[in-house]
Participant: 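If you scroll down you'll find the structure; I have some questions about it.
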Amino acid sequence: GDYIQAIKYLKAYTKTAEFESDRDKYKILLLLAYAYKNIFDDNTFKKYIQYVYEHKPDLLKPQDKLVLAFIYLSKDELDKVRDLINSFSDKDFQNLPKKDLLNLYDLYYVKLGYKYLCAKNYRKALEYAYKAERYKPDLKALTELKAWIYLNMGEYAKALRLFKKILTYKKDPNIYYGIALCYAKLGNKPKAIRYLHLAENGADRLLYYKIARLYYDLGEKRQASRII
């Protein structure tokens, strides 16, 4: 349980010539990874466990792979997440924590949805959104993904309903802009302008450009000029 002392000795050994020829070197590095995890040094833990996976993947237990899948998910390395998911056996699925597996699958499909949304393949994005919904339908990130997909597909009433749901827990300028865009597309100029004003507060440079463009498209050239 003295992880700091263990790390000291393990690190010293990794710098020796004997370590390089040790047939258990990757087991030692895995041990080192979890020693760091036990002292709450997550960044170093992640570094070591990734290194072991890249050189000796068969050493990782299913729980290690699950941890690693979340690491790659946070880095948007979706191909590696897919490979890790495919490496799980039926027995692994039975033994791993169900809640963690549901979160993994849900977030994986949401990330894939955003990938296709950015590529303007809205049908494919919606397909992955529906897959994510099977695992965790109340996920907030999924609601936001669907709102943007529906908006880009021209289903403005559906998108508006979801954006307003998001506002109950997230006051974000991009969400206000999404609502403004929905109202603009639905022909409700006063409400579009109202939500554009709300979107201005906290907007970044890219969003300011979008706000200015929408003001211009609504015929509000003075407002567009003010934003520019």
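Please read these numbers as outputs of a predicted model, since none were measured by experiment. We number each residue from 1, following the sequence as shown.
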Participant: Closest heavy-atom contact between L167 and K171?
Facilitator: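 Looks like O-NZ, 2.7 Å.
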Participant: Grab the two heavy atoms, one from L207 and one from A203, that are nearest each other, plus how far apart they are.
Facilitator: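 That would be CD2-CB, 3.7 Å.
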Participant: Would a 4.5 Å heavy-atom cut-off, applied to side chains only, mark Q63 and P97 as touching?
Facilitator: yes
Participant: Should L102 and K136 be marked as a side-chain contact (heavy atoms from CB on, under 4.5 Å) after you check the CA-CA gap, both sets of side-chain angles, and the distance that decides it?
Facilitator: CA-CA 7 Å; L102 289 175; K136 203 173 181 184; 5.7 Å; no
Participant: Can you tell if the side chain of V81 reaches within under 4.5 Å of the side chain of F70, non-hydrogen atoms only?
Facilitator: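 SC-SC contact between V81 and F70 ruled out.
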Participant: Here's one to test your reading of the geometry: is the NZ or CZ of K140 within 45 degrees of the ring axis of Y169 and under 6.0 Å from its centre?
Facilitator: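 Geometry flag: set, cation within 6.0 Å and 45°.
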Participant: With rounding to the nearest 0.5 Å, note down the distance linking SG in C182 to NZ in K191.
Facilitator: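 One gets 12.5 Å once the value is rounded to the nearest 0.5 Å.
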Participant: How long is the gap from CZ on R194 to OH on Y176, to the nearest 0.5 Å?
Facilitator: 9.0 Å
Participant: Say whether, by atom type as modelled, one donor and one acceptor occur between the side chain of D92 and the main chain of S89 under 3.5 angstrom.
Facilitator: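 Such a contact is found between D92 side chain and S89 backbone.
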Participant: Hydrophobic clusters here meaning ILVMFWY residues chained together by side-chain heavy-atom distances under 4.5 Å, can you tell me if I39 and Y48 are in one?
Facilitator: yes
Participant: List the steps, then state whether salt bridge (Lys or Arg N to Asp or Glu O under 4.0 Å) holds for K46 with D42.
Facilitator: CA-CA 6 Å; K46 290 173 183 178; D42 275 350; 5.5 Å; no
Participant: I'd like to know whether L60 forms a side-chain contact (heavy atoms from CB on, under 4.5 Å) with V67, so could you lay out the CA-CA distance, the side-chain angles of the two residues, the decisive distance to 0.1 Å, and finally the verdict.
Facilitator: CA-CA 10 Å; L60 267 63; V67 169; over 6 Å; no
Participant: As a quick check of understanding, evaluate side-chain contact (heavy atoms from CB on, under 4.5 Å) for L32 and I28, giving each step before the final call.
Facilitator: CA-CA 6 Å; L32 191 53; I28 291 162; 5.6 Å; no
Participant: State the OG1-CG distance between T14 and L29, to the nearest 0.5 angstrom.
Facilitator: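 The CG atom of L29 is 7.0 Å from OG1 of T14, to the nearest 0.5 Å.
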Participant: With salt bridge (Lys or Arg N to Asp or Glu O under 4.0 Å) as the test, pick out the partner of K146 among E127, E133, E155.
Facilitator: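 With K146 as partner, E127, E133, E155 yield a single salt bridge (Lys or Arg N to Asp or Glu O under 4.0 Å), made by E133.
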Participant: In this structure, would L186 and I175 fall into the same cluster of hydrophobic residues linked by side-chain contacts under 4.5 Å?
Facilitator: yes
Participant: Would you confirm whether S74, through its side chain, and I71, through its main-chain N or O, come within 3.5 Å as a donor-acceptor pair?
Facilitator: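 Pair found, side chain donor or acceptor close to backbone of I71.
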Participant: Go through it in stages, so that I can follow the logic: the residues are K120 and N152, the test is side chain to side chain donor-acceptor pair (under 3.5 Å), and I'd like the CA-CA distance, side-chain angles, deciding distance and then a yes or no.
Facilitator: CA-CA 8 Å; K120 298 184 179 181; N152 282 280; over 6 Å; no
Participant: Check this for me: K25, atom NZ, are more than 12 non-hydrogen atoms of other residues, nucleotides or ligands nearer than 6.0 Å?
Facilitator: yes
Participant: For L78 and Y108, run side-chain contact (heavy atoms from CB on, under 4.5 Å): C-alpha distance rounded to whole Å, both residues' side-chain angles, the deciding distance at 0.1 Å, then the answer.
Facilitator: CA-CA 7 Å; L78 301 182; Y108 171 63; 4.3 Å; yes
Participant: Work out which heavy atom in A125 is nearest to a heavy atom in G113; give both atom names and the distance.
Facilitator: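 Minimum heavy-atom separation between A125 and G113: CB-O, 3.3 Å.
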Participant: Are any non-hydrogen side-chain atoms of Y26 and Y51 less than 4.5 angstrom apart?
Facilitator: yes
Participant: So, do Y215 and I227 sit near enough that their side-chain heavy atoms are less than 4.5 Å apart?
Facilitator: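 They are in contact (side-chain heavy atoms under 4.5 Å apart), so the answer is yes.
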Participant: Atom CD1 in I49, atom CD in E54: separation rounded to 0.5 Å?
Facilitator: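 Rounded to the nearest 0.5 Å, the CD1-CD separation comes to 11.5 Å.
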Participant: Between atom OH of Y195 and atom NZ of K164, what is the distance when rounded to the nearest 0.5 Å?
Facilitator: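 Rounded to the nearest 0.5 Å, the OH-NZ separation comes out at 4.5 Å.
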Participant: Could you state the interatomic distance from OH (Y135) to CG (D106), rounded to the nearest 0.5 Å?
Facilitator: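 So the OH of Y135 and the CG of D106 are separated by 9.5 Å.
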Participant: Check step by step if side chain to side chain donor-acceptor pair (under 3.5 Å) holds for Q50 and K80.
Facilitator: CA-CA 11 Å; Q50 285 178 77; K80 291 181 179 178; 6.0 Å; no
Participant: Looking at every non-hydrogen atom in both residues, tell me the closest pair between P173 and A199 and how far apart they are.
Facilitator: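 Looks like CB-O, 3.2 Å.
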Participant: Using a 4.5 Å cut-off on heavy atoms from C-beta on, say whether the side chain of R123 contacts that of M153.
Facilitator: yes
Participant: Indicate yes or no for a side-chain donor-acceptor contact from K111 to the backbone of L73 under 3.5 Å, with no hydrogens or angles considered.
Facilitator: yes
Participant: Under a plain distance cut-off of 3.5 Å, with no hydrogens placed, do Y13 and D22 share a side-chain donor-acceptor pair?
Facilitator: yes
Participant: Return yes when atom CG of D58 has more than 12 non-hydrogen atoms of other residues, nucleotides or ligands closer than 6.0 Å, and no otherwise.
Facilitator: yes
Participant: Quick check: are there more than 12 heavy atoms from other residues, nucleotides or ligands sitting under 6.0 Å from NZ of K61?
Facilitator: no
Participant: Closest approach of K65 and P57, non-hydrogen atoms and distance?
Facilitator: CE-O, 4.2 Å
Participant: Under the criterion side chain to side chain contact (heavy atoms under 4.5 Å, CB included), which of L66, L84, L96 is the partner of L104?
Facilitator: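 Only one of L66, L84, L96 forms a side chain to side chain contact (heavy atoms under 4.5 Å, CB included) with L104, namely L66.
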Participant: Could you pull out the closest heavy-atom pair between Y3 and A35, with the gap in Å?
Facilitator: CB-O, 3.8 Å
Participant: Would you say D24's side chain and K27's backbone share a donor-acceptor pair under 3.5 angstrom?
Facilitator: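 No; judged by distance alone, with no hydrogens or angles, the pair does not exist.
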Participant: Identify whether L218 and I228 are in the same connected component of the hydrophobic contact network (ILVMFWY, side-chain heavy atoms under 4.5 Å).
Facilitator: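 Each belongs to a different hydrophobic cluster.
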Participant: Cation-pi check for F45 against K37: NZ or CZ below 6.0 Å from the six-membered ring centre and within 45 degrees of the axis, yes or no?
Facilitator: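 Yes, K37 lies over the aromatic ring of F45.
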Participant: Should Y109 and L142 count as side-chain neighbours, where that means a heavy-atom distance under 4.5 Å?
Facilitator: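 No, their side chains stay 4.5 Å or more apart.
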Participant: Is the number of heavy atoms from other residues, nucleotides or ligands within 6.0 Å of OH (Y9) greater than 12?
Facilitator: no
Participant: Ring centroid separation for W148 and Y114, is it under 6.0 angstrom?
Facilitator: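 Between W148 and Y114, the centre distance exceeds or equals 6.0 Å.
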Participant: Are more than 12 heavy atoms from other residues, nucleotides or ligands located less than 6.0 Å from atom NZ of K56?
Facilitator: no
Participant: Compare all side-chain heavy atoms of K210 with those of L206 and state whether any distance is below 4.5 angstrom.
Facilitator: yes
Participant: Could you walk me through whether Y53 and D64 pass the side chain to side chain donor-acceptor pair (under 3.5 Å) test, one step at a time?
Facilitator: CA-CA 9 Å; Y53 175 67; D64 298 326; over 6 Å; no
Participant: Could you check if a side-chain atom of Y128 sits within less than 4.5 angstrom of a side-chain atom of L145, using non-hydrogen atoms only?
Facilitator: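 No, every pair of side-chain atoms sits at 4.5 Å or beyond.
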Participant: Would you say that more than 12 heavy atoms from the other residues, nucleotides or ligands in this model lie under 6.0 Å from the CG of D138, or not?
Facilitator: yes
Participant: Under 4.5 Å between side-chain heavy atoms, counting indirect links through other Ile/Leu/Val/Met/Phe/Trp/Tyr residues: same cluster for I7 and F40 or not?
Facilitator: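 Different clusters.
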